[in-house]
Amino acid sequence: PPPTINQSCQCRYTDKEEVVLWMNTVGPYHNRQETYKYFSLPFCVGTKKTISHYHETLGEALQGVELEFSGLDIKFKDEVMQTTYCEIELDKAKRDAFVYAIKNHYWYQMYIDDLPIWGIVGEADENGEDHYLWTYKKLEIGFNGNRIVDVNLTSEGKVKLVPNTRIAMSYSVKWKKSDVKFEDRFDKYLDPSFFQHRIHWFSIFNSFMMVIFLVGLVSMILMRTLRKDYARYSKEEEMDDMDRDLGDEYGWKQVHGDVFRPSSHPMIFSSLIGSGCQIFSVSFIVIVVAMVEDLYTERGSMLSTAIFVYAATSPVNGYFGGSLYAKQGGRRWIKQMFIGAFLIPAMVCGTAFFINFIAMYYHASRAIPFGTMVAVCCICLFVILPLNLVGTILGRNLSGQPNFPCRVNAVPRPIPEKKCWKWKCIVCLFCRYFIFTSFWAYKIYYVYGFMMLVLVILCIVTVCVTIVCTYFLLNAEDYRWQWTSFLSAASTAVYVYMYSFYYYFFKTKMYGLFQTSFYFGYMAVFSTSLGIMCGAVGYVGTSAFVRKIYTNVKID
């Protein structure tokens with residue numbers, strides 16, 4: 001019978017109990033997503049009986065985790081001297097495979113008690129003519145009581161690759177007592193030096209000061225400007241009809257009969273707003289969960305949590321999208337519900353399935369199994385869609401009735417063409433500068449509280465800038481502020497995607513069709529999702545501002 005195996009990362013071992021060394025993936029160092037099964041290279045397996053592994057979570061399957069038993073005999077607190085566990089019959093084909101891996105700087109990943117270990121396949125000499133394989137895995141495992149808290153790998157035994165030879169693979173295990181607590185065993189994989197440099201503290205302080213300055217500036221300008229507007233409009237109320245007709249009428253009050261007119265393409269617009277609100281909810285909840293629970297300690301836990309939270313927050317999408325569509329007089333609410341429910345999943349799944357064909361062509365471990373595809377489709381059809389339907393019904397019934405402070409004129413007011421293009425250009429340039437600076441001023445590590453601050457600052461800056469831009473637009477007597485507020489904030493996505501090109505070509509050494517398609521494909525998904533979220537946040541904040549100013553002014 002197979003030995004008793006502890007597969008959980010919270011195992012409590014007894015002396016001489018089996019400890020499993022799982023071999024995960026191997027791939028180019030500069031292409032982190034281009035990974036293959038460890039034994040896709042002609043490595044040999046130890047003498048222990050094979051233990052099958054399954055994808056424990058959906059996130060693990062989607063991230064291409066391919067754990068295979070190493071076959072090495074490791075027991076808790078049982079030291080092993082250097083021992084040969086197998087031999088490789090190095091023919092020409094196997095040598096060529098190893099040479100290719102060494103030329104492309106292949107590295108591999110292993111797990112012991114869910115602690116990751118990395119190693120390099122081999123190295124070449126200075127001339128690049130001779131290639132050498134590391135054949136000796138020297139494991140040093142730290143334990144605290146009956147738990148494993150530390151694992152280190154040292155690669156030794158450099159052997160030149162010569163065809164038609166036998167290469168012996170060996171390993172050794174040394175156990176040492178450690179003072180590291182089990183809860184802190186992942187700390188060494190993090191980057192604690194981030195907050196030890198003054199430049200990072202200066203960046204944080206500088207970013208906060210910029211946000212405070214921007215919010216203060218926007219508030220001061222708007223308060224003083226609106227106060228003057230209210231005084232001018234109050235003075236106009238005291239004039240008789242002849243004086244008012246002779247006066248120079250201009251400003252945002254003049255479009256009060258059209259400012260709450262439904263936006264163009266209300267079905268798409270309401271679906272985007274609902275999806276953006278859901279993405280914001282998912283981002284907020286996942287960051288909070290990550291702050292409470294150390295999700296980075298478990299394989300695929302972050303992705304699994306994000307998928308679960310996205311499905312659970314589907315009513316948010318339906319509520320905001322459905323209520324907005326109803327307020328704008330939309331009648332085809334079922335079609336709007338389907339568009340809102342499947343807008344983001346279709347974008348993500350379409351990109352993933354396209355990249356999946358390339359991964360299958362490369363025989364990479366990133367190829368999504370068919371069963372996982374079926375599971376994702378079932379989540380969309382039987383979880384996301386019904387919850388979105390519930391949210392849509394609640395939104396239409398609870399807040400779907402128009403309650404605008406101004407009535408909408410039957411005939412649309414003509415828009416001055418000479419002012420329209422001018423203000424829209426200012427809107428785009430103004431929004432991109434401030435929002436992008438606040439977003440890219442940070443370098444996110446494992447500190448999820450820091451990520452929460454980034455999210456809050458991004459939303460504050462987005463709302464402030466879109467409010468100012470909308471005020472300029474309304475003063476130009478252009479009442480089409482809904483799409484402008486959304487697109488001006490969503491234009492963040494354009495900058496992020498442009499920056500990804502700079503990062504790819506100047507900051508990395510990525511190469512190949514698979515890595516290129518993976519990088520730019522998922523960067524497009526990330527940028528689009530970020531743009532939709534920022535657009536929704538900008539619209540919600542601007543909508544509150546527009547409603548407030550037209551509530552406080554007297555309208556005939």
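Positions are given from 1 along the sequence. Nothing here was measured: the structure is a model prediction, and the numbers come from that model.
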Over 60° means perpendicular and under 30° means parallel, so tell me whether [X] and [Y] are parallel, tilted or perpendicular.
X: Phe505; Y: Phe520; result: tilted
X: Tyr502; Y: Tyr499; result: tilted
X: Tyr38; Y: Phe43; result: parallel

**Report entry** Set of residues satisfying ring-ring contact (aromatic ring centres under 6.0 Å, His included) with respect to Tyr36, sequence neighbours excluded
**Finding:**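 ring-ring contact (aromatic ring centres under 6.0 Å, His included) list for Tyr36, sorted by chain: empty.
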Report task. Please identify each residue that fulfils ring-ring contact (aromatic ring centres under 6.0 Å, His included) with Tyr519, with sequence neighbours left out. Result ->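 If we apply the ring-ring contact (aromatic ring centres under 6.0 Å, His included) test to Tyr519, skipping adjacent residues, the hits are Tyr504.
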Which heavy-atom pair separates [X] from [Y] by the least distance, and what is that distance?
X: Ala101; Y: Leu41; value: CB-CD1, 3.9 Å
X: Val180; Y: Arg185; value: CG1-CA, 4.0 Å
X: Thr516; Y: Tyr511; value: OG1-C, 4.4 Å
X: Ala311; Y: Leu387; value: O-CD1, 3.2 Å
X: Asn317; Y: Gln278; value: ND2-OE1, 3.0 Å
X: Thr462; Y: Leu458; value: OG1-O, 2.6 Å

Is the [atom1] atom of [X] crowded by more than 12 outside heavy atoms at less than 6.0 Å?
X: Phe320; atom1: CZ; result: no
X: Lys75; atom1: NZ; result: yes
X: Tyr361; atom1: OH; result: no
X: Tyr522; atom1: OH; result: yes
X: Phe39; atom1: CZ; result: yes
X: Lys138; atom1: NZ; result: no

Side chains of [X] and [Y]: does their closest heavy-atom pair fall under 4.5 Å?
X: Met510; Y: Phe518; result: no
X: His131; Y: Lys103; result: yes
X: Tyr100; Y: Tyr106; result: yes
X: Phe280; Y: Cys459; result: yes
X: Asn104; Y: His30; result: no
X: Leu62; Y: Ile307; result: yes
X: Asn31; Y: Phe514; result: no
X: Arg32; Y: Trp107; result: yes

Query raised in the report: Does any donor atom in the side chain of Tyr497 or Thr528 lie under 3.5 Å from an acceptor atom in the other side chain?
Result: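 No, Thr528 and Tyr497 have no side-chain donor paired with an acceptor closer than 3.5 Å.
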Is a donor on one side and an acceptor on the other found under 3.5 Å between the side chain of [X] and the backbone of [Y]?
X: Asp78; Y: Lys16; result: no
X: Ser172; Y: Gln82; result: no
X: Thr313; Y: Val282; result: no
X: Ser365; Y: Glu66; result: no
X: Ser527; Y: Ala524; result: no
X: Arg95; Y: Leu161; result: yes

Query raised in the report: Cation-pi between Arg147 and Phe143: NZ/CZ under 6.0 Å from ring centre and within 45° of the ring axis?
Result: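 The answer is no, since Arg147 fails at least one limit relative to Phe143.
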Query raised in the report: Where do Thr14 and Asn146 land on the side-chain contact (heavy atoms from CB on, under 4.5 Å) test, with the steps shown first?
Result: CA-CA 6 Å; Thr14 59; Asn146 57 358; over 6 Å; no
Query raised in the report: What residues, two or more places apart in sequence or in another chain, satisfy disulfide (SG to SG under 2.5 Å) together with Cys44?
Result: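 Partners of Cys44 under the disulfide (SG to SG under 2.5 Å) test: Cys86.
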Requested in this report: Could you check Phe308 against Leu58 for side-chain contact (heavy atoms from CB on, under 4.5 Å), going step by step and ending with a plain yes or no?
Outcome: CA-CA 10 Å; Phe308 173 78; Leu58 180 62; over 6 Å; no
Query raised in the report: After noting the C-alpha distance and the side-chain angles of Thr135 and Met169, does the key distance pass the side-chain contact (heavy atoms from CB on, under 4.5 Å) rule?
Result: CA-CA 5 Å; Thr135 61; Met169 305 295 292; 4.0 Å; yes
Quick one: [atom1] on [X] to [atom2] on [Y], what's the gap to the nearest 0.5 Å?
X: Leu389; Y: Ser314; atom1: CG; atom2: OG; answer: 11.5 Å
X: Tyr111; Y: Leu21; atom1: OH; atom2: CG; answer: 12.0 Å
X: Met110; Y: Trp118; atom1: CE; atom2: CH2; answer: 10.5 Å
X: Tyr108; Y: Leu153; atom1: OH; atom2: CG; answer: 5.0 Å
X: Thr25; Y: Leu67; atom1: OG1; atom2: CG; answer: 8.5 Å
X: Asp73; Y: Thr47; atom1: CG; atom2: OG1; answer: 7.0 Å

Show me the donor-acceptor pairs within less than 3.5 Å that the side chains of residues 337-356 make with the rest of the protein, sequence neighbours left out.
unit_1 : atom_1 : unit_2 : atom_2 : d
Thr351 : OG1    : Met347 : O      : 2.9
Asn356 : OD1    : Ile368 : N      : 2.4

Query raised in the report: side chain to side chain donor-acceptor pair (under 3.5 Å): which pairs involve residues 149-158, sequence neighbours left out?
Result: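 Found Glu123-Lys158, Asp150-Asn152, Asp150-Lys188, Asn152-Lys188.
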**Report entry** side-chain contact (heavy atoms from CB on, under 4.5 Å) assessment of Met533 paired with Leu455
**Finding:** CA-CA 11 Å; Met533 184 191 76; Leu455 180 63; 3.9 Å; yes
Requested in this report: Could I get the full list of salt bridge (charged side-chain N to carboxylate O under 4.0 Å, His left out) partners for Asp125, not counting sequence neighbours?
Outcome: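 Once residues adjacent in sequence are excluded, Asp125 has no partner under the salt bridge (charged side-chain N to carboxylate O under 4.0 Å, His left out) criterion.
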